[in-house]
Amino acid sequence: MILVTGGAGFIGANFVLDWLAQGTAGSAEAVVNLDKLTYAGNLETLSSLQGNASHVFVQGDIGDSALVSRLLAEHKPRAVVNFAAESHVDRSIHGPEDFVQTNVLGTFRLLESVRGYWNTLPADEKAAFRFLHVSTDEVYGSLSATDPAFTEDNKYEPNSPYSASKAASDHLVRAWHHTYGLPVVTTNCSNNYGPYHFPEKLIPLMIVNALAGKNLPVYGDGMQVRDWLYVKDHCSAIRRVLADGKLGETYNVGGWNEKPNIEIVNTVCALLDELRPKADGKSYREQISYVTDRPGHDRRYAIDARKLERELGWKPAETFDSGIRKTVEWYLANAQWVSNVQSGAYREWVEKQYDAESTEPAGTAKAPA
Ligand code: NAD
Ligand code: TYD
């Protein structure tokens, strides 16, 4: 079996659902899923696994060494896949401490618990063991419009408290391999989108706000570029790297889908205009509202994923057009999931982050910077 951390969050839950769906009934390799259930963790996402003996959910912190050591000794996983993290850049600007706590200290403690367990394994199991650390392209910093896409050789230049804490965790993982021989692999992926994405991030926030008749808050001039990957393609990349990734190596994961934010928002609006037209015949585009930019906002991310393609034969299955259509359709079909995650804590975050800007009529919005 494998131990997955953060498996009740967006990518971790998609990974667990896909992993368990890989095997035919009853034959999938079991998963122990350790998640603290912060605001971003949601057991409802995993509700289809109720009664599935191949999935053991444990609520807890990766930084709880006693708990993690006990789980490792009890379940004897052959691998750990570490998704657990604080993941939202805007939250890291308002409150960086949680990011240092989980992403840096939590990863350190997890590595130490895993090292203790790994040292007890017989030689063959020790050699076969893997610690896969899931990270982000944001550790490389920001690109200009003409820079080539990030390769694994780019230097780390993190700019936000989030990316700095992820960069620190990547360095710890690297050092635990170099110093202690722990068999690690790291993946650095671009922006994900797809089902079960918490509506604090760009794409699900735009869908949810559009349908609620609220403004669609675009930061600054909306020309910041992100490289988008459908979440299930990220999951398939992680499975490939877990199976055949070279020890101590890092693999960039991306979909060659660089797009400015405003284009993403326009695409979401066009899909909603088609799939859920407004009664008054107007376009959702009219709800777009340019708001104050994020401090220190990285201008452009782009991933060169050729190493993963060349060495492990991975390719994304979705184009951006097919993935974004599936995503919008999923949100339209899963209104109950969306409504359930919009708890009091979610509303408090939206009020704090967007002030009155996201609820005022679009005509009152700031001009693009
Ligand atoms: P998420 O915020 O949706 O989920 C994170 C999960 O981790 C939640 O279920 C949360 O409860 C859990 N968690 C937080 N702190 C924990 C702790 N101390 N112990 C145990 N569990 C804890 O994040 P996500 O978007 O699913 O991202 C997963 C991983 O992928 C993160 O490491 C993130 O840095 C990385 N990543 C994300 C993206 C993206 O676009 N979302 C892109 C590249 C890499
Ligand atoms: P986000 O989904 O938070 O991911 P990240 O910051 O990790 O890339 O944001 C994606 C892009 O969208 C980023 O450039 C910030 C921008 N953005 C907005 O313009 N408005 C919003 O309300 C949000 C949440 C993000």
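Because the structure is a prediction, the values reported are computed rather than measured. Indexing begins at 1, ligand by ligand and atom by atom, following the structure's order.
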Student: Return the closest protein heavy atom for atom 15 (C) of ligand 2 as residue, atom name and distance.
Tutor: H297 NE2, 3.4 Å
Student: Consider every N or O of K36 and every N or O of ligand 1, then say whether any pair is closer than 3.5 Å.
Tutor: yes
Student: Look only at interatomic distance and state if D61 has a nitrogen or oxygen under 3.5 Å from any nitrogen or oxygen of ligand 1.
Tutor: yes
Student: Less than 4.0 Å is my threshold; does some heavy atom of H88 fall inside it relative to ligand 2?
Tutor: yes
Student: Please confirm whether Y162 approaches ligand 2 to less than 4.0 Å, judged on its heavy atoms.
Tutor: no
Student: Give the contacting part of N261 toward ligand 2: side chain, backbone, both or neither, where contact means a heavy-atom distance below 4.0 Å.
Tutor: side chain
Student: Is any N or O atom of R226, backbone or side chain, closer than 3.5 Å to an N or O atom of ligand 2?
Tutor: yes
Student: Does D35, backbone or side chain, put an N or O under 3.5 Å from an N or O of ligand 1?
Tutor: yes
Student: Please determine whether any non-hydrogen atom of S190 lies less than 4.0 Å from an atom of ligand 1.
Tutor: yes
Student: Have a look at ligand 2 and work out which part of L205, if any, has a heavy atom under 4.0 Å from it: side chain, backbone, both or neither.
Tutor: side chain
Student: Below 3.5 Å, N or O to N or O, backbone or side chain included: is there any such pair between Y39 and ligand 1?
Tutor: no
Student: Polar contacts were defined as any N/O atom of the residue lying under 3.5 Å from an N/O atom of the ligand; does this apply to G63 and ligand 1?
Tutor: no
Student: Of the backbone atoms (N, CA, C, O) and the side-chain heavy atoms from C-beta on, which set of D298 has a member under 4.0 Å from an atom of ligand 2: side chain, backbone, both, or neither?
Tutor: neither
Student: Below 4.0 Å, non-hydrogen atoms only: which portion of E138 touches ligand 2? Side chain, backbone, both or neither.
Tutor: side chain
Student: Got an N/O contact under 3.5 Å between N192 and ligand 1?
Tutor: yes
Student: In this structure, are over 12 heavy atoms from other groups packed under 6.0 Å from E74 atom CD?
Tutor: yes
Student: Would you mind checking if R115 and E112 are paired as a salt bridge, meaning a charged N to carboxylate O distance below 4.0 Å?
Tutor: yes
Student: Y301 ring centre to R226 NZ or CZ under 6.0 Å, with the angle to the axis within 45°?
Tutor: yes
Student: Polar contacts were defined as any N/O atom of the residue lying under 3.5 Å from an N/O atom of the ligand; does this apply to K166 and ligand 1?
Tutor: yes
Student: Strictly under 4.0 Å, does any heavy atom of T5 approach an atom of ligand 1?
Tutor: no
Student: Considering only protein heavy atoms, which is closest to atom 38 (C) of ligand 1, and at what distance to one decimal place?
Tutor: I11 CD1, 3.6 Å
Student: I'd like to check whether K201 has a polar contact with ligand 2, where a contact means an N/O of the residue lying under 3.5 Å from an N/O of the ligand.
Tutor: no
Student: What I want to know is whether F83 and ligand 1 share at least one N or O pair that is separated by under 3.5 angstrom.
Tutor: yes
Student: Among F198, Y193, Y219, whose heavy atom sits nearest atom 23 (C) of ligand 2?
Tutor: Y219
Student: Would you say the rings of Y196 and W330 are close, in the sense that their centroids are separated by under 6.0 Å?
Tutor: yes
Student: Check this for me - ligand 1, T38, N or O atoms closer than 3.5 angstrom, yes or no?
Tutor: yes
Student: What do you reckon, does C189 have a nitrogen or oxygen under 3.5 Å from a nitrogen or oxygen of ligand 1?
Tutor: no
